[in-house]
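One structure is given below, encoded as structure tokens.
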Amino acid sequence: MAQSQGWVRRYCKAFCKGFFVAVPVAVTFLDRVACVARVEGASMQPSLNPGGSQSSDVVLLNHWKARNFQVQRGDIVSLVSPKNPEQKIIKRVIALEGDIIRTMGHKNRYVKVPRGHIWVEGDHHGHSFDSNSFGPVSLGLLHAHATHILWPPERWQKLESFLPPERSPMQSEEE
Amino acid sequence: MMLRGALGKTFRLVGYTIQYGCIAHCAFEYVGGVVMCSGPSMEPTIQNSDIVFAENLSRHFYGIQRGDIVIAKSPSDPKSNICKRVTGLEGDKILSTGPSDFFKSHSYVPMGHVWLEGDNLQNSTDSRCYGPIPYGLIRGRIFFKIWPLSDFGFLRDSPNGHRFSDD
């Protein structure tokens, strides 16, 4: 009797110890280092979800790369939607702070991106809810860098940071 | 022999640091933490160098309300934080009474955004200057002051009254 009780006690103790180590470490890893997410929608075609609703890509979201809010033009990033904080959107960075760009469908033809903001667009112009609709977004909403497609296996690849030449800024602050 | 002992000790130390670091991250991210505020923009409710307690549950459950004092990431500098009161939620009508003519006489807080104002209206850079900020920038809600002890306790309502209508 005493022996089986001792066994249960030791098991509970080990379980609690493991639980309070494993859960915070796992949560911190998923919040700070990397996590995976399924991409929905057609706004980033053909880079992401070229098959439409038939097969959704699963991407690796790299939080670590985005920890200092350092992004480059052409990166694919995920951010908290400025219109709906419960949703994350995944778009390509087109312009950084200080750039003047020509917009596609925004109410102003030319926009200068304010300090601390970026301009994001989906690759599938016209089918994308992006900065052309809601304007420049604050860098504070940056969630992660999408670096790789993990699923389906035939689409396994590293996502390249590529800025389409027709979307280059007209004038950037570095020049 | 001694090297193995030292190596074992180092690994254990690193292990504990990672473990407690992760617990600290989870505590601050999902529960709350202690924050020191600086600046005059929230006087008299919060003075410069006051220490307050912020909770992060409200923002995860989207329970921030009009009149709450929040910490948010600055819209123009994501690495710094601002501490202001929420005076308008999405859909509220903004009446421009401030010195800046940023908005015309009637404007609405856009969807997914909040309007922030400091309690010290004369000396506060807030939404009257940079416009409404996205809800996603809010980090937490300040509800309790712990220093100075003369002012220990829950934070007061805005001294400026309610200037927004939710229609």
Fill in the blank from the handout: Okay, A:Pro82 and chain B: the region with an atom under 4.5 Å from a heavy atom over there is both

Problem - Heavy-atom contact with chain B under 4.5 Å, split by part of A:Phe134 - result: neither

Problem - Contact leader toward chain B among A:Leu142, A:Leu79, A:Val25, where contacts are heavy-atom pairs under 4.5 Å - result: A:Val25

Exercise for the section: Assess the side chains of A:Arg155 and A:Ser55: does a donor N or O sit below 3.5 Å from an acceptor N or O? Expected result: no

Exercise for the section: Report yes if the side chains of B:Leu89 and B:Val109 come closer than 4.5 Å at any heavy-atom pair, otherwise no. Expected result: no

Problem - Non-hydrogen side-chain atoms of B:Met42 and B:Ile69 separated by less than 4.5 Å - result: yes

So between chain A and chain B, what donor-acceptor pairs come in under 3.5 Å?
{"residue": "A:Thr28", "atom": "OG1", "partner": "B:Cys22", "partner atom": "O", "Å": "3.2"}
{"residue": "A:Asp31", "atom": "OD1", "partner": "B:Tyr30", "partner atom": "OH", "Å": "3.3"}
{"residue": "A:Asp31", "atom": "OD2", "partner": "B:His25", "partner atom": "NE2", "Å": "3.2"}
{"residue": "A:Asp31", "atom": "OD2", "partner": "B:Tyr30", "partner atom": "OH", "Å": "2.6"}
{"residue": "A:Arg32", "atom": "NE", "partner": "B:His25", "partner atom": "ND1", "Å": "3.2"}
{"residue": "A:Arg32", "atom": "NH2", "partner": "B:His25", "partner atom": "ND1", "Å": "3.2"}
{"residue": "A:Pro82", "atom": "O", "partner": "B:His113", "partner atom": "ND1", "Å": "3.4"}
{"residue": "A:Pro85", "atom": "O", "partner": "B:Tyr62", "partner atom": "OH", "Å": "3.4"}
{"residue": "A:Ser138", "atom": "OG", "partner": "B:Pro75", "partner atom": "O", "Å": "3.0"}
{"residue": "A:Gly140", "atom": "O", "partner": "B:Lys73", "partner atom": "NZ", "Å": "3.1"}

Exercise for the section: Would you check if the side chain of A:Thr103 reaches a backbone N or O of A:Arg109 as a donor-acceptor pair within less than 3.5 Å? Expected result: yes

Problem - Within-4.5 Å side-chain heavy-atom neighbours: A:Val71 and A:Leu139 - result: yes

Handout entry: A:His127, NE2 atom: more than 12 neighbouring heavy atoms under 6.0 Å
Key = no

Problem - Single-linkage hydrophobic cluster, 4.5 Å side-chain cutoff, B:Ile71 and B:Ile82 together - result: no

Practice task
From the options A:Leu141, A:Val137, A:Val80, select the one residue that forms a side-chain contact (heavy atoms from CB on, under 4.5 Å) with B:Pro134.
Solution key: A:Leu141

Fill in the blank from the handout: With chain B, the option among A:Pro114, A:Pro85, A:Gly116, A:Ala26 that has the most non-hydrogen atom pairs under 4.5 Å is A:Pro85

Exercise for the section: Considering only heavy atoms and a distance below 4.5 Å, find which of B:Gly112, B:Ala72, B:Cys22 pairs most often with chain A. Expected result: B:Cys22

